[in-house]
Amino acid sequence: MTSAAPGTSPAPPPPPTSAAPTVIHVSVSDPRAKPLLRELGEEYSTRYGKDAYGELARYPDEEFTAPYGGVLLLLLEGDEPVAGGAFRRYDGATAELKRIWTHSAHRRRGLARRVVAELEREAEARGYLRIYLTTGPRQPEARGLYLTTGYTPLFDTGADPESIGPLPFEKHLSTAPHQRRATDL
């Protein structure tokens, strides 16, 4: 700790950053999406004991673009991606959430909740009526996130998650009429 010169006050600490992260839509090939994909691959590989990058490559990149009914978004603080997620068209009325991520240095700040809320808003604006997703049985944080954000588990929550495999959830969005439905894409 440094002290100020006699007769002067110490410099005040810098003000906390209170600005909310900026939401941007990007393509999977955007360099700002690389931390999301890299860290998700590492996380999945660590939790499931095998190379999980194949899971991230399971769907063609274009499925996460508007012409195909999807989106990939990032939350940026300055130029740094701190969280993100995507959805793809599951069926004419349903978006499927994928790749929900918070940078390991920025967890426990509510950023995943913000990502899910942004994805829900975007899906509803595109005419989807329902969101579907699965998360792995070794991801209790994700399971907790979906339970606390209004998703209905489509599995027995009392069962051992390892005995179930991927844990499916759904959430019905507003039934307000939209000008354009996902089936029109």
Side-chain angles (χ1 to χ4, degrees), residues 17-91 94-128 130-146 148-149 151 166-171 173 180 182 185:
T17 304
S18 60
T22 304
V23 178
I24 62 168
H25 293 201
V26 298
S27 68
V28 174
S29 63
D30 188 301
R32 295 170 291 186
K34 287 183 188 203
L36 176 152
L37 299 171
R38 183 184 62 249
E39 224 177 40
L40 278 176
E42 292 167 3
E43 185 90 16
Y44 294 165
S45 295
T46 299
R47 290 186 189 226
Y48 297 101
K50 60 182 179 179
D51 178 12
Y53 289 95
E55 172 60 26
L56 294 174
R58 182 182 207 184
Y59 303 102
D61 292 352
E62 61 266 8
E63 287 194 24
F64 301 101
T65 64
Y68 289 86
V71 71
L72 172 63
L73 63 81
L74 295 174
L75 300 185
L76 299 181
E77 287 186 347
D79 292 331
E80 179 186 4
V82 294
F87 66 74
R88 60 184 284 277
R89 179 187 165 113
Y90 186 76
D91 64 33
T94 308
E96 180 182 18
L97 294 190
K98 304 297 286 178
R99 296 165 178 56
I100 307 301
W101 164 80
T102 300
H103 189 287
S104 58
H106 296 277
R107 292 186 178 155
R108 314 270 324 141
R109 296 177 43 202
L111 296 172
R113 284 177 186 264
R114 170 99 188 271
V115 167
V116 170
E118 293 289 343
L119 289 169
E120 289 171 358
R121 262 192 290 286
E122 187 67 30
E124 189 169 20
R126 292 180 185 211
Y128 289 109
R130 175 179 171 256
I131 293 181
Y132 172 80
L133 66 93
T134 60
T135 192
R138 297 181 188 168
Q139 295 171 258
E141 306 88 349
R143 176 184 167 153
L145 169 68
Y146 301 125
T148 60
T149 54
Y151 283 78
L167 308 176
F169 291 85
E170 74 174 352
K171 185 174 191 178
L173 300 173
R180 191 171 94 172
L185 297 174

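Positions are given from 1 along the sequence.
With salt bridges taken as basic N to acidic carboxylate O contacts below 4.0 Å, one links R109 and E77.
Residues P166 and T134 come closest through the heavy atom pair CB-CB, 4.1 Å. Counting all heavy atoms, side chain and backbone alike, R32 lies closest to L74 at O-CD1, 3.4 Å. In this structure, L72 and A86 approach most closely via the heavy-atom pair CD1-CB, 3.7 Å. Contact between A33 and V26 at its shortest, heavy atoms only, is CB-CG2, 4.4 Å. I131 approaches A123 most closely through the heavy-atom pair CD1-CB, 4.3 Å. When all heavy atoms of K171 and T149 are compared, the closest pair comes out as NZ-O, 2.6 Å.
Between Y151 and V116, the closest side-chain pair of non-hydrogen atoms falls below 4.5 Å. In this structure the side chain of L119 reaches within 4.5 angstrom of the side chain of I100, judged on heavy atoms. Residues L97 and R88 fail the side-chain proximity criterion, which asks for heavy atoms closer than 4.5 Å.
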Pair L111-V82, side chain to side chain contact (heavy atoms under 4.5 Å, CB included): steps then yes or no: CA-CA 8 Å; L111 296 172; V82 294; 3.9 Å; yes

Audit row: E39, E43, side chain to side chain contact (heavy atoms under 4.5 Å, CB included) steps and yes/no: CA-CA 6 Å; E39 224 177 40; E43 185 90 16; 5.7 Å; no

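Listed for the T94 side chain is no donor-acceptor partner under 3.5 Å among the backbone atoms of D91. T148 contributes a side-chain N or O that, together with a main-chain N or O of L145, makes up a donor-acceptor pair within less than 3.5 Å. Using a distance-only test at 3.5 Å, with no hydrogens or angles considered, a donor-acceptor pair links the side chain of R107 to the main chain of T102. Side-chain atoms of K98 never come within 3.5 Å of backbone atoms of Y59 as a donor-acceptor pair (strictly under, hydrogens ignored). No donor-acceptor pair closer than 3.5 Å links the side chain of Y128 to the backbone N or O of Y90. Side-chain N or O atoms of R138 include one that pairs as donor or acceptor with a backbone N or O of R47 at under 3.5 Å. When atom types are taken as modelled, the side chain of E170 and the backbone of L133 share no donor-acceptor pair closer than 3.5 angstrom.
Between the side chains of Y48 and Q139, at least one donor N or O lies within less than 3.5 Å of an accepting N or O. E80 and H103 share no donor-acceptor pair across their side chains, judged by distance under 3.5 Å alone. A donor and an acceptor atom, one from each side chain of D30 and S27, are nowhere located under 3.5 Å apart.
By the 30° and 60° cut-offs, the orientation of the rings of F169 relative to Y146 is tilted.
A cation-pi contact, defined as under 6.0 Å to the ring centre and within 45° of the axis, is absent between R89 and Y68.
Tested against W101, the residues V115, L37, L40 include a single side chain to side chain contact (heavy atoms under 4.5 Å, CB included) partner, L40.
Residues satisfying the salt bridge (Lys or Arg N to Asp or Glu O under 4.0 Å) criterion with R114, sequence neighbours excluded, are E118.
Here F87 and F64 keep their ring centres 6.0 angstrom or further from each other.
The line from CG of L73 to CD of E122 is 7.5 Å long, rounded to the nearest 0.5 Å. Rounded to the nearest 0.5 angstrom, R130 CZ and L173 CG are separated by 10.0 Å.
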